[in-house]
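First comes the structure, then the notes that go with it.
Reminder, nothing fancy here: chain letters follow the sequence lines and each chain counts from 1.
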Number of protein chains: 2
Amino acid sequence: MKDAARTATARAAKVRAEPAPKRSRIQTRNRKRILEAALEVFSAHGFRGATLDQIAAEAGLSKPNILYYFDGKEAIHVTLLNQLMETWLDPLEQMNPEGEPLEEILAYIRRKLDMAQAYPRESRLFANEILQGAPRMGPHLEARLKPLVDQKAALIAGWAEAGRIAAVDPRHLIFSIWATTQHYADFEAQVNVLMPEGGVFPGAASHLETMYRRLLTA
Amino acid sequence: MKDAARTATARAAKVRAEPAPKRSRIQTRNRKRILEAALEVFSAHGFRGATLDQIAAEAGLSKPNILYYFDGKEAIHVTLLNQLMETWLDPLEQMNPEGEPLEEILAYIRRKLDMAQAYPRESRLFANEILQGAPRMGPHLEARLKPLVDQKAALIAGWAEAGRIAAVDPRHLIFSIWATTQHYADFEAQVNVLMPEGGVFPGAASHLETMYRRLLTA
DNA sequence: TCGTCACTTTACCAATTGGTAAAAAAGCAA
DNA sequence: TTGCTTTTTTACCAATTGGTAAAGTGACGA
């Protein structure tokens, strides 16, 4: 029962930032290894499809050793998700209210597509979680994603009202951007069957640029 | 080669229609119950996340009884996927080469969105499978989806070349349509957080109509 | 050199889960 | 009803899996 305090602390801290990390070099290194391995395995098989043994093998550590660094399978998953959320929000956060509206939105789309290309595993991890009804991320969506989307939707609505872009429902626009960019990561297996010639991303970038430009300048 | 495959293992027959169903009334009823229950459970938890016990409970049958009707968990999943593939292809198949290009494409989008609304579980089942790399559907994608997409992509390319719609990459257009329509089913949990007011589909339909109309008439 | 603390391994376990054997029950044609 | 087939239940099982206890290893300061 020596872990009681630590467990309780971790539990309460689920939605908050960790209070005092103060980790040793070994801890930092091994936690990173574990999270990297977990990302690989969770994104490929989903939460229940992944096993601690797989993660341990991928990380080059023993299973009990992994449980020395994390309180359990779920804790690893939640940690991954929370970390990723910040990365995921970043491209939208960068949308600048002072910038040129069309260019800001198109740049956002480019960043999202770049992320789908550079971080397909992260995209799939999120997709898996949302698909299952966001059982471990509901609070986080409410607390971090919703305020940001509300804010940026208002910004876009303002641009539209001012006639600086064509009239468009900001929230549905955002959904469309997410859907069309993440599709190339989440549905990669299908895309690869239908476009066997390597390198779909240049074509995707060009197509999305065209599509959203026409939508917003109509 | 195809004849050889047919006479080969039962494995090869996986992608074909069953030869002689000849099922009793009880078999028909219980198989349907099982598949309905399996759709519910698989779409909510993914293949590995679903258990036979859950499916059995949902179907109102005992686990061994379920295994009397299907050769195993995987067989149920594959059966579901194969059945669904036909339903899923149908809206695209309906796209009429003789019709008015813009109207045909917009009607296709409407049908896809209607399906996302009417059959969200089916959409999620597919999404789950593709996300995991289509381990049980790869051959089917190759055999059924690819030829159809090739054919319709050529049709759309023809329309574009003839100047009847604006220039567009047909395959990326199809990806965008899939992504934007299925998003409302697959990411429902997220959409519900961000648009709490019930009934997102009318707004979605309007937005997608606007978006693709502007894209194709630019 | 010793003691202490951080880290790692070995040896387990209890619960879950996909699946089976075989008996029992229910249909059903004659 | 009889006799056969189809369907369902009961009682299991072996493998997997998340997790734990406890002994062992190693680094480092006093």
Side-chain angles (χ1 to χ4, degrees), chain A residues 1-11 14 18 20-35 37-42 44-81 132 135-136, chain B residues 10 20-38 40-42 44-81 132 135-136:
Chain A
M1 275 301 165
K2 57 165 184 174
D3 286 342
R6 183 162 31 157
T7 304
T9 304
R11 219 174 237 272
K14 258 186 187 176
E18 312 265 302
K22 62 169 184 179
R23 303 209 163 95
S24 75
R25 240 168 273 93
I26 294 180
Q27 271 175 2
T28 306
R29 171 173 55 81
N30 282 353
R31 280 181 64 99
K32 191 182 283 184
R33 272 193 197 172
I34 292 168
L35 289 174
L39 173 60
E40 184 72 26
V41 178
F42 280 137
H45 306 289
F47 179 74
R48 276 213 67 188
T51 72
L52 284 178
D53 288 299
Q54 284 175 290
I55 295 173
E58 183 82 25
L61 297 172
S62 69
K63 183 167 63 175
N65 203 2
I66 284 198
L67 292 168
Y68 172 75
Y69 289 101
F70 288 90
D71 281 339
K73 186 183 178 183
E74 182 137 355
I76 301 177
H77 195 245
V78 169
T79 302
L80 258 187
L81 248 20
Q132 321 286 310
R136 291 166 251 277
Chain B
K22 63 169 184 179
R23 304 212 163 93
S24 76
R25 244 167 269 92
I26 294 181
Q27 272 174 1
T28 305
R29 171 172 55 81
N30 282 353
R31 281 180 64 99
K32 189 182 283 184
R33 272 192 197 174
I34 292 168
L35 290 174
E36 157 65 28
E40 184 72 26
V41 177
F42 280 138
H45 305 290
F47 179 74
R48 277 213 65 187
T51 72
L52 284 178
D53 288 299
Q54 284 176 289
I55 296 172
E58 183 82 24
L61 298 171
S62 69
K63 182 167 64 175
N65 203 3
I66 284 199
L67 293 167
Y68 171 77
Y69 289 101
F70 288 90
D71 281 339
K73 187 183 177 183
E74 182 136 356
I76 302 177
H77 195 245
V78 168
T79 303
L80 258 187
L81 249 19
Q132 323 284 309
R136 293 164 249 277

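Atoms NZ and OH, from K32(A) and Y69(A) in turn, are 14.0 Å apart once rounded to the nearest 0.5 Å. With values rounded to the nearest 0.5 angstrom, L81(A) atom CG is found 10.5 Å from L39(A) atom CG. Distance check: E36(B) CD to E40(B) CD gives 6.5 Å after rounding to the nearest 0.5 Å. Between N30(A) atom CG and I34(A) atom CD1 the span is 6.0 Å, to the nearest 0.5 Å.
The NZ atom of K63(A) sits 14 Å away from the C1' atom of dA21(D) (whole-angstrom rounding). One interatomic measurement links the two molecules: CG of L67(B) to C1' of dT7(D), which rounds to 14 Å at whole-angstrom precision. Whole-Å rounding puts the I66(B) CD1 to dT9(D) C1' distance at 14 Å. One interatomic measurement links the two molecules: CZ of R31(B) to C1' of dT8(D), which rounds to 17 Å at whole-angstrom precision.
No donor-acceptor contact under 3.5 Å links the side chain of K73(A) to the base of dG19(D).
Residue R48(A) has a polar side-chain atom (N or O) positioned under 4.0 Å from OP1 or OP2 of dT17(C). Close to dC7(C), at under 4.0 Å from its OP1 or OP2, lies a side-chain N or O of Q27(A). The side chain of Y68(B) contributes an N or O atom lying less than 4.0 Å from OP1 or OP2 of dT7(D). A sub-4.0 Å separation between OP1 or OP2 of dT6(D) and a side-chain N or O of N30(B) is absent. Here N65(A) reaches the OP1 or OP2 of dT9(C): one of its side-chain N or O atoms lies under 4.0 Å away.
For Y69(A), the listed nucleotide lying nearest its side chain is dT8(C); candidates were dG19(D), dT9(D), dT8(C). Minimum atom distance to the side chain of P64(B) is reached by dT10(D), of the listed dT6(D), dA6(C), dT10(D).
Note on A75(B): nothing from the nucleic acid sits closer than 4.0 angstrom, heavy atoms only.
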Give every pair of a protein N or O atom and an N or O atom of nucleotides 24-30 of chain C that lie under 3.5 Å apart, one pair per line with the distance.
none

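Of the residues in residues 52-62 of chain B, those lying under 4.0 Å from DNA chain D by heavy-atom distance are S62(B).
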N/O donor to acceptor pairs below 3.5 angstrom from side-chain atoms of residues 48-66 of chain A, sequence neighbours left out:
{"unit_1": "R48(A)", "atom_1": "NH1", "unit_2": "G49(B)", "atom_2": "O", "d": "3.0"}
{"unit_1": "T51(A)", "atom_1": "OG1", "unit_2": "Q54(A)", "atom_2": "N", "d": "3.0"}
{"unit_1": "T51(A)", "atom_1": "OG1", "unit_2": "Q54(A)", "atom_2": "OE1", "d": "3.4"}
{"unit_1": "Q54(A)", "atom_1": "OE1", "unit_2": "T51(A)", "atom_2": "N", "d": "3.0"}
{"unit_1": "S62(A)", "atom_1": "OG", "unit_2": "N65(A)", "atom_2": "N", "d": "3.3"}

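In terms of heavy atoms, F70(B) sits closest to R31(B) at CE2-NH2, 3.6 Å.
When the ring pair (Phe, Tyr, Trp, His ring centres under 6.0 Å) test is applied to F47(A), the partners found at least two apart in sequence or on another chain are F42(A), H77(A).
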